[in-house]
2 protein chains.
Amino acid sequence: MRLVIARCSVDYAGRLTAHLPSAPRLILVKADGSVSIHADDRAYKPLNWMSPPCTLKEAEGDGDAKAVWTVENKGGEKLIITMEEILHDSSHELGVDPGLIKDGVEAHLQELLADRMETLGEGSTLIRREYPTAIGPVDILGRDAEGTTIAVEIKRRGEIDGVEQLTRYLELLNRDPRLAPVKGVFAAQEIKPQARTLATDRGIRCVTLDYDALRGIEDDKLRLF
Amino acid sequence: MRLVIARCSVDYAGRLTAHLPSAPRLILVKADGSVSIHADDRAYKPLNWMSPPCTLKEAEGDGDAKAVWTVENKGGEKLIITMEEILHDSSHELGVDPGLIKDGVEAHLQELLADRMETLGEGSTLIRREYPTAIGPVDILGRDAEGTTIAVEIKRRGEIDGVEQLTRYLELLNRDPRLAPVKGVFAAQEIKPQARTLATDRGIRCVTLDYDALRGIEDDKLRLF
DNA sequence: GACTATATGTCGTCG
DNA sequence: CGACGACGTATAGTC
């Protein structure tokens, strides 16, 4: 990893064209070949960047420019960094990162809910997770206490997109005489008012999931063995 | 901006929980208060981060740990960085960045298309850009050669979401007797097959936009004056 | 503050 | 490699 602090101007031509006037910035070159140009704000997002794989060519500048870097990828996207003053330049060997361990994503919610279908109502049972359809897998297909098929869409945050997605699944599933009629359930840790309104309007039931409670139940289960 | 290279382990508890085993990494602290932890790959995306506004507390470590940083925001999200070995630590004054100048984003496409409605078919005319509705603004409202209202949704890349968005607008617009019937046009530089299929199925016409051609036409126009 | 739409989104997965 | 969906999406603009 190479860290350069330099007063520089930058031009990008690729998916769009963009220009950065001259100012002091951090230029970060990673071992994967990526280059990113950071100002002292905007959280972790760089002002400008080039994703790997790409090639970096360093050239001597003429006149005011001390150095000119040209970063290019296969798609023909190009990033030109003109450095007028180099304030810092250091390289560091970091090695391969062991990587991040995540917990609490949608996949886990789905797993937990499939194991605790009664969260969706007394007597609810699982048919299968990731039930395949022509337009993609339905998170959970099950039956309610009356034996009616239910299609469950799970999201961490329930927004309008999720309701649209579930609606498309329901349309498709209801064409299958072995399943129809299919009722929709929109399950999320948090459901936005607009999404709830749209869902309700379409006869889709909304269920708020409590991740910690689901996990707690799961932990109890595990403890039995 | 402060740059620290350190062998560290990291724990995040917030919207999810995550853990990073000990390894050498870059810790980037920006003037806006944000902290990000970078490995030597994954392009510009950090392994872990905390967005501003947040507070950073530095503490002495005990035992193996040389230092323990606790970064916390108002929402109760917490990032704990345990540093076992500090390999580099430097600070740099960058000042406020003049910022990026962009060209070629959706707003620009919309501008160009509004000026060249015949791209959508001979005799097409503009009613207005950003036509307001209860659920958000329609990119372009116009009329075709026969005088039928057309609602145009513009995207750089046309995907299924855009078709859904346009569908919602059309449903609403068609309830207005002064406008109905309203035909939909999905215009993008690139339209994904699934989006095209869905659009066609719903009677929405797809138009591929050539940005350079639109801009060329625009340039020609400008040259006349 | 809530909601909508955009993004050089980026990133994984799967056909 | 392209298409698709998720993301601690972030971010900007509007109401």
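Sequence lines set the chain letters: A, B, ... in the order given, protein chains first and strands last, and positions in each chain run from 1.
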For dT6(C) versus dC7(D), give the span between their C1' atoms, rounded off to a whole number of Å.
15 Å
Suppose you measure atom P in dG8(D) against the same atom in dA5(C); what distance do you get, rounded to whole Å?
23 Å
Take the protein atom CZ of Arg42(A) and the nucleotide atom P of dT8(C), then report the distance between them rounded to whole Å.
12 Å
Approximate separation, where rounding is to 0.5 Å, of Leu94(B) CG and Ile5(A) CD1:
5.5 Å
Between Arg157(B) (CZ) and dG2(D) (C1'), how many Å, whole number?
10 Å
Expressed as a whole number of angstroms, how long is the span from Ile135(B):CD1 to dT4(C):C1'?
10 Å
So for atom CD, which belongs to Glu93(B), do other residues, nucleotides or ligands contribute more than 12 heavy atoms lying within a distance under 6.0 Å?
no
Picking from dG8(D), dA6(D), dA5(C), the nucleotide nearest the side-chain atoms of Lys155(B) would be dA5(C)
Measure the distance from NZ on Lys192(B) to P on dG15(C) and round it to the nearest whole Å.
18 Å
Is it true that His38(B) and Tyr44(A) have ring centroids separated by less than 6.0 Å?
no
Taking any heavy-atom pair under 4.0 Å as a contact, classify Leu100(A): base, sugar-phosphate, or nothing.
nothing
Pairing partner (Watson-Crick or G-U wobble, both distances under 3.5 angstrom) of dG8(D)
none
Answer yes when Asp176(A) and Arg178(A) have at least one side-chain N-carboxylate O distance shorter than 4.0 Å, and no when they do not.
yes
With a 6.0 Å cut-off (strictly less than), is the heavy-atom count around CD of Glu171(B), excluding the residue itself, greater than 12?
no
Rounded to the nearest angstrom, tell me the gap between atom CZ in Arg15(A) and atom P in dA7(C).
12 Å
Measure from CD on Glu130(B) to P on dG13(D) and round the result to the nearest Å.
12 Å
Mind checking Asn48(B) for me? I need base, sugar-phosphate or nothing, with any heavy atom below 4.0 Å counting as a touch.
base
Proximal nucleotide (of dG8(D), dA5(C), dG5(D)) relative to the Ile160(B) side chain
dG5(D)
As a test of reading the structure: which of dT8(C), dG8(D), dC3(C) is closest to the side chain of Met50(B), going by heavy atoms?
dG8(D)
Could you state the atom-to-atom distance from NZ of Lys45(A) to P of dA7(C) in whole Å?
10 Å
Of Glu159(A) and Pro132(B), the one whose nearest nucleotide on DNA chain D sits closer to the 5' end is Glu159(A)
By nearest nucleotide on DNA chain D, pick out whichever of Arg168(A) and Glu77(B) is the more 5' one.
Arg168(A)
Euclidean distance, atom OH of residue Tyr44(B) to atom C1' of dC7(D) [Å, nearest integer]:
12 Å
What is the nucleic acid contact for Tyr169(B), judged by heavy atoms within less than 4.0 Å: base, sugar-phosphate only, or nothing?
sugar-phosphate
Quick note, Glu190(B) side chain, CB onward, closest among dG8(D), dA3(D), dT10(C) is dA3(D)
I need the Asp41(B) CG to Leu47(B) CG distance, nearest 0.5 Å.
7.0 Å
Nucleotide nearest Gln165(A) when distance is taken to its side chain, options dT8(C), dA3(D), dG5(D):
dG5(D)
Glu153(A) side chain: which of dG8(D), dA6(D), dA7(C) is closest?
dA6(D)
